[in-house]
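Here's the structure, in structure tokens; my notes come after.
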Protein chains: 2
Amino acid sequence: MSDNGLDAVKLDGAGPVYDQIRRAIRDLVLNGAWPPGTSVPPEHALMERLGASRMTVHRALVQLAREGLITRRRRSGTVVASPPASHAMLDILSIPDEVRRLGQDYSFEILSRRDGKPAPEVAALFELKRAAPVIHLVTRHLSGGQPHVLEERVIHLATVPGAADESFETVPPGDWLLQHSLWSQAEHALSAVAAGPREAELLGIGRGEPCLLVERRTWNQESPVTAVRLLYPGGRHRFVGRFGPYGRV
Amino acid sequence: MSDNGLDAVKLDGAGPVYDQIRRAIRDLVLNGAWPPGTSVPPEHALMERLGASRMTVHRALVQLAREGLITRRRRSGTVVASPPASHAMLDILSIPDEVRRLGQDYSFEILSRRDGKPAPEVAALFELKRAAPVIHLVTRHLSGGQPHVLEERVIHLATVPGAADESFETVPPGDWLLQHSLWSQAEHALSAVAAGPREAELLGIGRGEPCLLVERRTWNQESPVTAVRLLYPGGRHRFVGRFGPYGRV
DNA sequence: AAGTGGTCTAGACCACTCC
DNA sequence: GAGTGGTCTAGACCACTTA
């Protein structure tokens, strides 16, 4: 067989060999050519194809394993890992998971949806270039029947065209995106804001009460994927993280 | 010379050799035996003392460098690194640095100080066992003459006895602690709260306005060092972080 | 039993940088 | 020039796991 995946590994000659190997495989994983579950060729096969010693190949694979992109087991070999659903303080990307982790029943409802060029106020809120078509969604998530968080989101149709055909009636948009799109970078911002009249009503709190606002934008290789504003009623929510002086523990 | 530090490196025979070396040196750094700036013996010296090959020693040192505990340079060698003052979203531990990074003048004032067993309401706020003696401090930090953040802190005198003799008039307590104590673990919690009457007055905002509350507790090997509550006037502050699906980028 | 990764060695050459 | 770390090789043995 010539299309077992080995041929896809190509070095670029830039920098140390182990790093060329690491980047070559990393790129195959991140751009979707090797989806989760794909077998990575064994070390000896990479050795032969790339003309490197086993230690050099090994070093690249160990580093990728430490970064979480692949998992390795003796005898059964190396496979591309599934991206972790959550990995740090603010990184619970699935609100259903977040709610169920608290031991509550989860439900959600789409409050509004509008496809196409965003209205000026939406474009301003998410710092969009006005021309790009998006889906603009407002969703309310419930925990044990009570309002949990209010979500306002834009999905960039140029990056995720398949979203146009999805109703988001059974799977909330954040979870649908996790399953149907790739992302390579995210940015979070956290702030405290007062609930506006409509927000207060939807969250079942008083006007002006403090809320935690989580803003998240994600990209896949320079292309914007989605941007979301999550408004949590204050007091009821805390974001917690632990680490040491040199990094996470 | 026999006390050049080499003798302090002791393996425990548990697990791979490279990991024994890594842990041995890590422990010397974390427990203060090798403070920042200390020279780490060169690879060939560790090879000879430990009876390991250079690759094995190298592997341990590379990993420590990646973890940020040491810095390595050709010719000049390996030295113990200074703990980074900031390394992620919520980890700006020095408020003067935080303010100066925004291009503003910094100043601060101690609003109150009480040494000894904490009052019941303070013990409750910080979840303290009532018996342990602490310093209880309230501080206001100013940015360009305007209130920036309100700080309420307890310092555990059993862990940091030297704090009793410090007036905190020239160096704010957080910065003094960074210089005069060690910590190995921290916990952060973030929430949105409404400003109380006294807090609003001290921050120069209206009562009930949303504020971002950052609560941080730090320990050094199981011993509590300090606990602090930082109240930032909402809207004016955002905490931002960037990362990829597999971790920080 | 055999295939896979995990570790380790002994040696080599190179790159950087301080003296 | 010399000391340091950075990379790489060729080979070895071991540990684990599946067939």
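Per chain, numbering begins at 1; letters A, B, ... match sequence-line order.
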Any side-chain heavy-atom pair from W219(A) and W183(A) closer than 4.5 angstrom? no

From the candidates dC16(D), dG5(D), dC8(D), the one with an atom nearest any side-chain atom of M55(B) is dC8(D)

Toward the 5' end of DNA chain D, which comes first, V62(B) or S76(A), by nearest nucleotide? V62(B)

Taking only the side-chain nitrogens and oxygens of T78(B), find out if one of them lies under 4.0 Å from OP1 or OP2 of dG5(D). yes

Output the rounded distance in Å from CZ (R66(B)) to C1' (dG5(D)). 15 Å

OP1 or OP2 of dT7(D) less than 4.0 angstrom from a side-chain nitrogen or oxygen of T56(A), does that happen here? no

For the pair R22(B) and E67(B), find out whether any cationic side-chain nitrogen is under 4.0 Å from an anionic carboxylate oxygen. yes

Could you tell me the separation between the CD atom of E43(A) and the P atom of dC8(C), rounded to a whole number of Å? 15 Å

R75(A) side chain near dG5(C) phosphate (N/O to OP1/OP2, under 4.0 Å): no

Given dG5(D), dC16(D), dT7(C), which nucleotide is nearest the side-chain atoms of R59(B)? dT7(C)

Pairing of D97(B) and R101(B) as salt bridge, 4.0 angstrom limit: no

Of all the choices, dG5(D), dT7(C), dG5(C), which nucleotide is nearest to the side chain of P42(B) once you look at every atom? dG5(D)

Measure CD/Q63(A) against C1'/dG6(C) and give the value in whole Å, please. 17 Å

Contact class for H58(B) vs. all strands (heavy atom < 4.0 Å): base, sugar-phosphate, or nothing? base

Please check the phosphate of dT9(C) (OP1 and OP2 only) for any side-chain N or O of R54(B) closer than 4.0 Å. no

Taking 4.0 Å as the cut-off, does a side-chain nitrogen or oxygen of R72(B) come that near to OP1 or OP2 on dG6(D)? yes

Have a look at G15(A) and say if it touches a base, only the backbone sugar-phosphate, or nothing, with a 4.0 Å heavy-atom cut-off. nothing

Between atom CZ in R74(B) and atom C1' in dC16(C), what is the gap in whole Å? 5 Å

Over how many whole Å does the gap from M47(A) atom CE to dA10(D) atom P extend? 8 Å

I'd like to know if D27(B) pairs up with R23(B) as an ion pair, taking the criterion as any Lys NZ or Arg NE/NH1/NH2 lying under 4.0 Å from an Asp or Glu carboxylate oxygen. no

Measure the distance from CD on Q20(A) to P on dG6(D) and round it to the nearest whole Å. 18 Å

Rounded to whole Å, please give me the gap between CD1 in I70(A) and C1' in dG6(C). 14 Å

Are R216(B) and E151(B) ion-paired here, with the side-chain N under 4.0 Å from a carboxylate O? no

Where the side chain of R73(A) is defined as all heavy atoms beyond and including C-beta, which of dC8(C), dG6(C), dT17(D) is the nearest nucleotide? dT17(D)

Pairing of R72(B) and E43(B) as salt bridge, 4.0 angstrom limit: yes

Within the pair H44(A) and dT4(C), is there a side-chain N or O less than 4.0 Å away from OP1 or OP2? yes

Starting from C1' on dT7(C), measure out to CG on L61(A) and report it in whole angstrom. 15 Å

side-chain N/O Y18(A) vs dT7(D) OP1/OP2, d < 4.0 Å: yes

